[in-house]
**Student:** 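Below is the structure I would like to discuss, written out as structure tokens.
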Amino acid sequence: MRVLENFVGGAWSRASGATHLEVKNPATGESLAEVPLSTAADVDAAVKAAQAAFPGWSATPPVQRARYLFKLREIFDAHRDEIAAICTAEHGKTLAEARNDFGRGIENVEHAAGIPALLMGQGLEDVASRIDCHTIRQPLGVFAAITPFNFPPMVPLWFLPYAIATGNTFVLKPSEQVPLSQQRIFELIEQVGLPPGVVNLVHGGRDVVNAFCAHRDIAGVSFVGSSAVARHVYRSAAEAGKRVQALGGAKNFLVVMPDAERRMTVANVAESIYGCSGQRCLAGSVVVCVGDTYEAVRDGLVRHAKGIVLGDGSKPGVTMGPVISAAHRDRVLSYINQGVAEGATLLLDGRDARVDGYPDGNWVGPTVFDDVRPGMVIATEEIFGPVACLMRANDLDEAIAIANRSEYGNAASIYTSSGRAAREFQHRVGAGMVGVNIGVAAPMAFFPFGGQKGSFFGDLKAHGPTAIDFYTERKIVITRWF
Ligand code: NAD
């Protein structure tokens, strides 16, 4: 069995911890590798390597740092299919979804390659008589990132390119459930010839996370994952004096107005809910139908869901893969059971889904709940699986009120042909990312990414201009010449 290694100080090395986890293909159940659960000593070694690299790297002119990113972009571009195949094998999503996953990651490398322009400060002559003022941005030191299982190539690339483009050095802990695409991505990064220690990879689980949060030589931590852990990371890393951005879980509401374009809307709602088997932080979960639109949306959604082809994401024709693990399948199934117990009507039941020839896959079929009411567990908690909850509202005000009751605030969408309704919705809904006739409102690399309320802890969101703020200290210089 292949045992994964950490990448520390420009070389691959075995983790010091003796414990390993099996990485499995969630469609076939096949063992792919063993991932080490690294220890605080492994984290310390990576941080020391990153610290040693910092003086030289931060003094490297931004134009030269950008050239490494140009090279990285070309190498990544040449390996799109290979990384997508690895992602599908470890995660289960379809190859098309995996290609988009890596593609969105590469766009962050492209954006960060513009670092000479992004890093500029501001200046003003004569802030007082014959006195000038300007700002410069400086890197802070070593940054760490902790990432979730659901976008294995992309989410680490929300952080790594900006951290190093701004002159910091970097340590990544990918999800222990899907470490293989990052393993390969770091092999590709190795080909770029960055100075040793600028980027480091430490595999593991919660011990690595807690060691990051406590380490006195880490300047800042980025986290993406569930809200419970996001809250923990935000508290403990801030307590240790670090910058923190912690992106948490989600419960996303899709509001369909009576004037929405029906056919496109239903197809888009279905893609939002069932794409990536519902394992997206931007996935639609509760569909709130306003006025007389309910029956048409319900029937259309069930029709779409029945047309989904469940199976091994690496096979042509498959449109929805498994969920990540047997434990996660059980969690999703227990939510479906709970929905039934709470009195919602199950229109389409994915609990007994099977795929011929794949007895060991973690299958959950597309599921649709009718008659869901505010306050039910399935309407409030994050399920993170292919489950749609349908609700009614009399008007837009009621629909917004339903969405705003949620303790989460990652994303929300409205489907309408009314500019007035769309404007009202974007203004009042309590979510960080808003879609208008778009069910997965995923900001591209040059915009910030992040939610509100229980979906985000911190102030500076991922990528876009806020990444440059997160990774730099602004220094203000006031000048007078006698
Ligand atoms: P998770 O919280 O279980 O794990 C995320 C990371 O935290 C992993 O690297 C894991 O090793 C670590 N971790 C897990 N438990 C820990 C603990 N007790 N202490 C310290 N570290 C711990 O999340 P997941 O299941 O990998 O990912 C799915 C979640 O991520 C969903 O809630 C989803 O909404 C969220 N997510 C959010 C965004 C966003 O932009 N807000 C993006 C992607 C995923």
Side-chain angles (χ1 to χ4, degrees), residues 101 104-105 107-108 145-151 154-159 162 175 220-235 237-238 243-255 269 272-273 275-276 278-288 374 378-385 387 389 399-414 422 425-467 469-470:
D101 182 334
R104 280 288 174 113
E107 284 163 9
N108 284 279
I146 302 150
T147 54
F149 80 81
N150 64 330
F151 282 86
M154 176 184 77
V155 176
L157 295 175
W158 285 356
F159 307 109
Y162 303 101
S175 166
V221 176
S222 303
F223 173 88
V224 184
S226 59
S227 287
V229 185
R231 205 175 271 118
H232 161 69
V233 167
Y234 184 63
R235 276 204 194 109
R243 292 189 171 192
V244 199
Q245 47 181 194
L247 287 71
K251 186 76 182 174
N252 302 319
F253 289 74
L254 309 176
V255 172
V269 164
S272 172
I273 294 169
C276 298
Q279 299 172 117
R280 284 194 285 220
C281 69
L282 297 171
S285 177
V286 182
V287 188
V288 184
I378 54 167
T380 49
E381 294 188 10
E382 180 176 40
I383 300 174
F384 222 54
V387 180
C389 297
I400 292 174
I402 289 172
N404 285 353
R405 276 178 61 151
S406 176
E407 66 183 69
Y408 293 104
N410 211 43
S413 297
I414 185 168
F425 185 79
Q426 74 173 43
H427 183 69
R428 285 167 50 196
V429 78
M433 295 168 278
V434 177
V436 177
N437 298 314
I438 296 207
V440 179
M444 290 182 74
F446 24 89
F447 282 94
F449 193 115
Q452 299 181 352
K453 301 195 284 184
S455 294
F456 182 72
F457 306 88
D459 42 13
L460 296 171
K461 296 184 175 179
H463 63 60
T466 42
D469 288 337
F470 185 70

**Student:** For residues 247-254, run the donor-acceptor check on the side chains, cut-off 3.5 Å, and write out each pair with its distance to 0.1 Å, sequence neighbours left out.
**Tutor:**
{"unit_1": "K251", "atom_1": "NZ", "unit_2": "S285", "atom_2": "OG", "d": "2.9"}
{"unit_1": "K251", "atom_1": "NZ", "unit_2": "I378", "atom_2": "O", "d": "2.7"}
{"unit_1": "K251", "atom_1": "NZ", "unit_2": "E381", "atom_2": "O", "d": "2.7"}
{"unit_1": "N252", "atom_1": "OD1", "unit_2": "A411", "atom_2": "N", "d": "3.0"}
{"unit_1": "N252", "atom_1": "ND2", "unit_2": "C281", "atom_2": "O", "d": "2.8"}
{"unit_1": "N252", "atom_1": "ND2", "unit_2": "A283", "atom_2": "O", "d": "2.9"}

**Student:** List in chain and number order the residues that pass side-chain contact (heavy atoms from CB on, under 4.5 Å) with V229, two or more places apart in sequence or in another chain; answer none if no residue qualifies.
**Tutor:** F223, S226, V233
**Student:** Has R104 got a side-chain atom pairing as donor or acceptor with A442's backbone, closer than 3.5 angstrom?
**Tutor:** yes
**Student:** Can you tell if the side chain of R243 reaches within under 4.5 Å of the side chain of V221, non-hydrogen atoms only?
**Tutor:** no
**Student:** Sorted by first residue and then second, give each salt bridge (charged side-chain N to carboxylate O under 4.0 Å, His left out) pair with at least one member in residues 428-456; sequence neighbours left out.
**Tutor:** D397-R428, E424-R428
**Student:** Does the S413 side chain pair with the main chain of I438, one donor and one acceptor, at a distance under 3.5 Å?
**Tutor:** yes
**Student:** Using a 3.5 Å distance criterion without hydrogens, assess whether the side chain of H463 forms a donor-acceptor pair with backbone atoms of W158.
**Tutor:** no
**Student:** Heavy atoms, side chains only, cut-off 4.5 Å: are F384 and R280 in contact?
**Tutor:** no
**Student:** Of all the heavy-atom pairs spanning S227 and G454, show the shortest one and how long it is.
**Tutor:** OG-O, 2.6 Å
**Student:** Give the minimum heavy-atom separation between S272 and G284, together with the two atoms involved.
**Tutor:** OG-N, 2.8 Å
**Student:** Looking at every non-hydrogen atom in both residues, tell me the closest pair between F449 and K461 and how far apart they are.
**Tutor:** O-CB, 3.3 Å
**Student:** Mind checking whether V244 and F457 have side chains closer than 4.5 Å, heavy atoms only?
**Tutor:** no
**Student:** If you define the side chain from C-beta out and look only at heavy atoms, does anything of P465 sit under 4.5 Å from F447?
**Tutor:** no
**Student:** What heavy-atom pair brings A422 and V436 nearest, and what distance separates the two atoms?
**Tutor:** CB-CG1, 3.8 Å
**Student:** Nearest heavy-atom pair of G451 and M433: which atoms, and what distance?
**Tutor:** N-CE, 4.0 Å
**Student:** Measuring from S455:OG to Y408:OH, what's the distance to the nearest 0.5 Å?
**Tutor:** 7.0 Å
**Student:** Could you give me the CA-CA distance, side-chain angles and deciding distance for V287 and I273, then say whether side chain to side chain contact (heavy atoms under 4.5 Å, CB included) is met?
**Tutor:** CA-CA 9 Å; V287 188; I273 294 169; 3.6 Å; yes
**Student:** Taking all atoms of both residues into account, what is the closest heavy-atom pair of F151 and Q279, and its distance?
**Tutor:** CE1-O, 4.3 Å
